[in-house]
Structure formats: C-alpha cells, structure tokens
Peer 1: 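Below is a structure I'd like to ask you about.
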Amino acid sequence: MKNNWWKILTVLLLLFTVVAGMLADVPRLPILNETVRNLFFHVPMWFGMILILLISVVYSIKYLRNPTIQNDVIAFEAAKVGILFGVLGIVTGMEWARFTWGEFWSNDPKQNGAAIGLLIYFAYMVLRSSFAEQQQRARISAVYNIFAFAALIPLLFILPRLTDSLHPGNGGNPGFNAYDLDNRLRLVFYPAVIGWTLLGIWIVNVKSRLEILRQRLYESN
C-alpha cells in the first residue's frame, strides 16, 4: 500500500476533476461561457504531454550514456503515452475552438505548431519500426527523440508568441491566468494538472514493465 499511494491519489484527483469539472460553478465569461470547463481537460493534457515527453528524453539521454533495454523501453513507452496525450489535447482543443472560434481548425499558429510537433513524433514511431537490430534502433531513436523534443518546445511556446494568434497567451492575447483564472477554476485546474500527469506516468510505468518482461521472456526462450 505504501508504494501505491500515488496511484490512489491519481484516481481521486481524476474523479474530482471529472465531477467538479462538469458540475462545479464556473465564471460566466464572454464567448467561453460553459466551454471554460474544457480548461480542466485540454490544458492539463498538454501539461502532462510535455512532462511525459521530457521523461522520454531523459531516458533517451540515459540510454546513450548507459545502453540498457530498460532505458530504451521507458523512453519509447513514455514517447507513445506523450503522443497519446498530445492527440487528446488536439481533439479537445478542436472541440473548444468550434464553440469559441467558430470552426474546428482555423490555422492558428498554436494549432499548426502542435500538429507539426505531433507529426515529428509520429515520424519517431516510423523510424523505430524501420530498424530490425535492437541496439541500432534504440541508439538512433534516442538521438532523434532528443531533437524531436527540442523542436517541439519552440513550436508550442515560442513561435506562436511571435505572430498573430487566437490562442490565449499568444500573439498578444492575455492568458487565462492574467484575467480570469479565478479561485473557482484554480480549485479544479491544479488538481487536474497533477491528476492527468500522474495518469500518464502510471500508464508509462505499467507499459514499460510489461514490455521489459516480454523482452526478457523472449530472450530466455
């Protein structure tokens, strides 16, 4: 039980996020109205994606310094979960955009940057599948993974700020925290960020352990 406290915390935080996110009182903001509830899902998923992809990069670097199966597997599984969170972030963002900007996709710089970033990571998946030899696949993938993350950060956080953007916090638009992230939103938003991030880490943990076990069983046969 002592080692599972964070899993229990994850479940409680996500239950709180879903229930409070759907039922709690939220500020009636112009244009946003009830769609502001998506703040508890869309934004935390992106936070989780960044942290999980950072974990993937850390283990890619560890693999280059210490080429073990464990380091490679964790880097790969974390990248896959990060991609999943990225896709969920784009889908929830598109639904939000439909109600606030009038269409699912408006070629907003933030949207385009996120799409390009995910395509870079999809290429990472293709790259791994193109090598049969394990060490070569792991080494080249680790190098690519580092550069993929280095490209993702400017696409999401720097380039959108340098041009016109509809997205809050970019292109001269104030971010939520600047004018309307009141205590009612904070009460759910911060637990949501922690909950979604811990869920991603939990999935990485389970998938990595299963994959390492599978490879060890394969080697023993």
Side-chain angles (χ1 to χ4, degrees), residues 1-26 36-93 118 121 124-125 138 141-142 145-146 148-149 152-153 156-157 175-177 181-218:
M1 181 65 71
K2 291 182 179 179
N3 295 329
N4 293 326
W5 67 267
W6 64 275
K7 298 177 183 177
I8 298 172
L9 176 63
T10 300
V11 173
L12 293 176
L13 287 174
L14 289 178
L15 284 174
F16 172 74
T17 297
V18 172
V19 174
M22 294 297 183
L23 302 178
D25 187 36
V26 294
V36 75
R37 298 181 187 278
N38 202 12
L39 181 71
F40 310 136
F41 303 94
H42 170 66
V43 180
M45 287 175 182
W46 280 109
F47 273 95
M49 177 196 73
I50 294 298
L51 180 59
I52 294 165
L53 290 179
L54 178 60
I55 291 173
S56 176
V57 169
V58 169
Y59 275 90
S60 287
I61 294 172
K62 290 180 67 174
Y63 179 84
L64 293 175
R65 298 181 61 182
N66 181 26
T68 64
I69 292 177
Q70 181 177 2
N71 287 336
D72 176 55
V73 167
I74 295 175
F76 182 45
E77 297 300 335
K80 289 196 293 185
V81 175
I83 292 170
L84 172 63
F85 272 50
V87 171
L88 292 174
I90 280 190
V91 171
T92 53
L118 282 180
Y121 272 94
Y124 167 78
M125 306 293 290
S141 298
N145 193 23
I146 295 169
F149 187 80
L152 180 68
I153 299 305
L156 290 181
F157 300 109
F176 276 105
N177 194 49
L181 188 58
D182 68 6
N183 289 331
R184 286 174 293 176
L185 294 177
R186 289 190 180 93
L187 182 64
V188 184
F189 176 73
Y190 293 126
V193 170
I194 298 171
W196 286 112
T197 302
L198 286 177
L199 176 63
I201 294 173
W202 190 353
I203 296 172
V204 172
N205 180 266
V206 172
K207 288 176 63 64
S208 297
R209 290 165 61 187
L210 288 174
E211 179 60 23
I212 291 170
L213 179 61
R214 187 190 68 81
Q215 292 197 23
R216 286 176 178 171
L217 289 174
Y218 176 78

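The first residue of the sequence shown is numbered 1, and numbering continues consecutively from there.
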Peer 1: How far apart are the closest heavy atoms of A79 and Y124, and which atoms are they?
Peer 2: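 In this case the closest contact between A79 and Y124 is CB-CE2, 3.5 Å.
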Peer 1: Taking all heavy atoms of F157 and all of I50, pick out the closest pair and write down the distance.
Peer 2: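 Taking every non-hydrogen atom into account, CE1-CD1, 4.0 Å.
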Peer 1: Evaluate side chain to side chain contact (heavy atoms under 4.5 Å, CB included) for L185 paired with Y190, printing each intermediate quantity in order.
Peer 2: CA-CA 9 Å; L185 294 177; Y190 293 126; over 6 Å; no
Peer 1: Strictly by salt bridge (Lys or Arg N to Asp or Glu O under 4.0 Å), give each pair with a member in residues 48-57 just once, sequence neighbours left out.
Peer 2: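 As it turns out, there is no salt bridge (Lys or Arg N to Asp or Glu O under 4.0 Å) pair with a partner in residues 48-57 once direct neighbours are skipped.
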Peer 1: Atom CD1 in I52, atom CG in L84: separation rounded to 0.5 Å?
Peer 2: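 Rounded to the nearest 0.5 Å, the CD1-CG separation comes to 8.5 Å.
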Peer 1: According to the salt bridge (Lys or Arg N to Asp or Glu O under 4.0 Å) rule, which pairs have a member within residues 8-20, sequence neighbours left out?
Peer 2: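 Every candidate salt bridge (Lys or Arg N to Asp or Glu O under 4.0 Å) pair involving residues 8-20 fails, so no pair, neighbours aside, qualifies.
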Peer 1: Excluding sequence neighbours, so at least two apart, what forms side chain to side chain donor-acceptor pair (under 3.5 Å) with T10?
Peer 2: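 Partners of T10 by the side chain to side chain donor-acceptor pair (under 3.5 Å) criterion come out as none, since no residue qualifies.
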Peer 1: Quick one: side chain to side chain donor-acceptor pair (under 3.5 Å) partners of N38, sequence neighbours excluded?
Peer 2: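 None.
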Peer 1: Would you mind writing out the side-chain donor-acceptor pairs for residues 11-19 within the sub-3.5 Å range, not counting sequence neighbours?
Peer 2:
{"residue": "T17", "atom": "OG1", "partner": "L13", "partner atom": "O", "Å": "2.8"}

Peer 1: Quick one: does H42's side chain have a donor or acceptor within less than 3.5 Å of a partner on G89's backbone?
Peer 2: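 Yes: the side chain of H42 pairs with the backbone of G89.
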Peer 1: For the atom pair CD1 (I153) and CG (L53), what is the distance rounded to the nearest 0.5 Å?
Peer 2: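 Here the rounded value is 8.5 Å.
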Peer 1: When rounded to the nearest 0.5 angstrom, what distance separates CE in M49 from CG in L51?
Peer 2: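 It comes to 11.0 Å.
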Peer 1: Are any of the side-chain heavy atoms of N71 and F76 separated by less than 4.5 Å?
Peer 2: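 N71 does not reach F76 side chain to side chain.
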Peer 1: Under 3.5 Å, sequence neighbours excluded: what are the donor-acceptor pairs made by side chains of residues 192-213?
Peer 2:
{"residue": "W196", "atom": "NE1", "partner": "F40", "partner atom": "O", "Å": "3.3"}
{"residue": "T197", "atom": "OG1", "partner": "V193", "partner atom": "O", "Å": "2.7"}
{"residue": "N205", "atom": "OD1", "partner": "R209", "partner atom": "NH1", "Å": "3.3"}
{"residue": "S208", "atom": "OG", "partner": "V204", "partner atom": "O", "Å": "2.7"}
{"residue": "E211", "atom": "OE1", "partner": "R214", "partner atom": "NE", "Å": "3.1"}
{"residue": "E211", "atom": "OE2", "partner": "R214", "partner atom": "NE", "Å": "3.4"}
{"residue": "E211", "atom": "OE2", "partner": "R214", "partner atom": "NH2", "Å": "2.6"}
{"residue": "E211", "atom": "OE2", "partner": "Q215", "partner atom": "NE2", "Å": "3.1"}

Peer 1: Can you sort out the partners of M22 under side chain to side chain contact (heavy atoms under 4.5 Å, CB included), two or more places apart, ordered by chain and number?
Peer 2: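 Partners of M22 by the side chain to side chain contact (heavy atoms under 4.5 Å, CB included) criterion, ordered by chain and then number, come out as F41.
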Peer 1: Check residues 57-66 and write down every donor-acceptor pair under 3.5 Å in which the side-chain atom is one partner and the other belongs to a residue at least two apart or another chain.
Peer 2:
{"residue": "S60", "atom": "OG", "partner": "S56", "partner atom": "O", "Å": "3.2"}
{"residue": "S60", "atom": "OG", "partner": "N145", "partner atom": "ND2", "Å": "2.8"}

Peer 1: Report the C-alpha separation of V73 and T68 in whole Å, then their side-chain angles, then the decisive distance to 0.1 Å, and conclude whether the side chain to side chain contact (heavy atoms under 4.5 Å, CB included) test is met.
Peer 2: CA-CA 9 Å; V73 167; T68 64; over 6 Å; no
Peer 1: Supply the atom-to-atom distance E77 CD to I74 CD1, rounded to the nearest 0.5 angstrom.
Peer 2: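 Rounded to the nearest 0.5 Å, the CD-CD1 separation comes out at 9.5 Å.
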